[in-house]
Amino acid sequence: MARYYKTEEVVDILMRSDCQDLSSSPAKSDSDSGGDTDDSSLHTDHQESSSDFSSGDENEGGTHEEAAAWTSKNGKKWSPTYTKTLRYVAAPTGLIPGPTHYAVARITDPLSSFRLFITDGIIQHIVSMTNLQGRREISVWRDLDSDEMLAYMGLLILSGVYRSKHEPLTSLWGEKTGRRIFRASMSQKRFSHITRALRFDDKLTRPARRTNKLAPIRQVWDMWAHRLPMLFSPDRDVTVDEQLVPFKGRCSFRQYIPKKPAKYAIKVWAACDVKTSYAWRLQVYTGRAAGELAEVNQGMRVVLQMTDGLQGHVVTCDNFFTSFELAEELLKNKMALDGTIRQNKTEIPPVLRQTRGRAVYSSTFAFSLKHTLVSYIPRRGRNVLLLSTKHRRPEVSDDERKKPVIINDYNQCKGGVDNLDKVVGTYSCRRRTNRWPMALFHNIIDVSLYNAFVLWTSVEQAWHQQKSHRRRLYIEEVGESLIKPHLSKRERLPRSSSAAELVRDAQDGAAAGPSGLTDPRGRKHCEFRLEKRRRVGNTCSKCGRFTCRAHSKFVCSHCST
């Protein structure tokens, strides 16, 4: 039989039921959040861990409005306090920062460090493909060998170190305006023929590789990029960013970025060591294939590929790459993330987005079990958001601007790839070209020169240590060393008297043999002087001991044999 209640009785029953629910909720919260949780459960059931983490904070916060302000759009809950945030412990990297044992064992002089990147296999492949194209296109083509190809690269390198990359060839080979080493190495016509015929694959076989947009230089790029991580181990901080290779010609994957200095460029993903700006891994971005949909989470895919094989490192990247999903994947790979994040990400709580009423130089932190978000106001109306899995405390600097430590660490590490672009562009060998494989080839030479310089100065730290232009001296020595073998084999002397004299000196030095070799690892004291010992670089051709001029004998090339 149905029972009817008066209005006052209904209100009384509803109020009693609400009181029972509110009184039972703390007990349920305590039971859910009780006990410690290991790391494996944090990764396997993240949603449950997030609700457990936020239960206590919601009680501390007070009202439901405050709890909603710390809940993101996708339902993830954050806390203004770090009481339940786990402490960050960096995993061991397992690597010794700097040149690998493989590289150190093979470096004897500046040229040998450069040849670790431009190997004999790469040179032989380029020579064969260039000769094949030269026979097809140039009627008076004369096959080139490895020494001439290295001399061609040496001239490109010297044109970059002389800041002559945009200077016309007629000026570089001119009697008055040019340098004699260009005229001594080869004629201007021969240099133009090599540039015209230079290829990195067989053009007739490209239809079979139509789906590979990088086919014209794919083999050379893969052989070269494979050696970058083989020769150097990065320090704990690594930067992932984009490198832009300027190019205005026709290219299916050329990028147009109006805010960059080079508006038209080929994009290359780069992972660099922060301390040295060594290019540890490079990957050319060729865009999506025809008929494919736009790639989702491209930034996460790029960072995971560029940092494959690393652990214990801290990855720094900008807001194009940073996301909550990326931070989770890096944590699974035992790496931390520090980067700016866009405000439209659904993981950001509303309290971090608002700027109205906030003081300049103020910071608002939000914490989860293993993540930290910070919102910083550098000026009125401006909001900077960063996500970090390395920093787990609301630490702020003591200066006037009161920047969070997350931002200071980001500013120190974000410039790894930018500094690579700067140093590569200073003495770049790039020349005007309408073929994008040539633009990438010039970038290969530039990056190889800088990486080799990092290796050489790490092995020989005392080499020109007090000079501020060490890298310029290094590039110039590598360029001249690449040209010398070809100079000694040149049959015809150039018309210029100064260039002919340079060729004769190179040929006389090659005919004299190793009687005056210079030790590549520096200078030592003469072993025959007892008083006032001098540091010399010449060694005896028979016993190898260091000798000065007073204790040396000079013989002609006929007697030396």
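Just so you know, these numbers come straight off a predicted model, no measurement behind them. Computed from heavy atoms alone, side chains included, the values below leave out hydrogens, waters and symmetry copies.
- By the 4.0 Å N-to-carboxylate-O rule, Asp222 lies close enough to Arg218 to be salt-bridged with it.
- Stacking of Arg106 on the aromatic ring of Tyr102 is recorded, both the 6.0 Å distance cut-off and the 45° axial limit being met.
- Remark: Arg179 is positioned above the aromatic ring of Tyr162, its terminal NZ or CZ atom under 6.0 angstrom from the ring centre and at most 45 degrees off the axis.
- Ion pairing of Arg206 with Asp201 is present here, as a side-chain N (NZ or NE/NH1/NH2) and a carboxylate O approach within less than 4.0 Å.
- Ion pairing of Arg115 with Asp120 is present here, as a side-chain N (NZ or NE/NH1/NH2) and a carboxylate O approach within less than 4.0 Å.
- The environment of Asn434 atom CG is sparse: at most 12 non-hydrogen atoms of other residues, nucleotides or ligands sit within 6.0 angstrom.
- Applying the side chain to side chain donor-acceptor pair (under 3.5 Å) test to every pair with at least one member in residues 142-158, sequence neighbours left out, gives these pairs: Gln124-Ser146, Arg135-Asp143, Trp141-Asp143, Asp145-Lys489, Asp147-Lys489, Glu148-Arg190, Tyr152-Thr195.
- The aromatic rings of Phe253 and Trp436 lie perpendicular to each other, with more than 60° between the two planes, well past the 30° mark.
- With salt bridges taken as basic N to acidic carboxylate O contacts below 4.0 Å, one links Glu476 and Arg472.
- Here Trp269 and Tyr285 bring their ring centres to under 6.0 angstrom of each other.
- The residues Asp202 and Arg136 are annotated as salt-bridged, a charged nitrogen and a carboxylate oxygen being separated by less than 4.0 angstrom.
- Between the side chains of Tyr474 and Ser113, a donor-acceptor pair is found at a separation under 3.5 Å.
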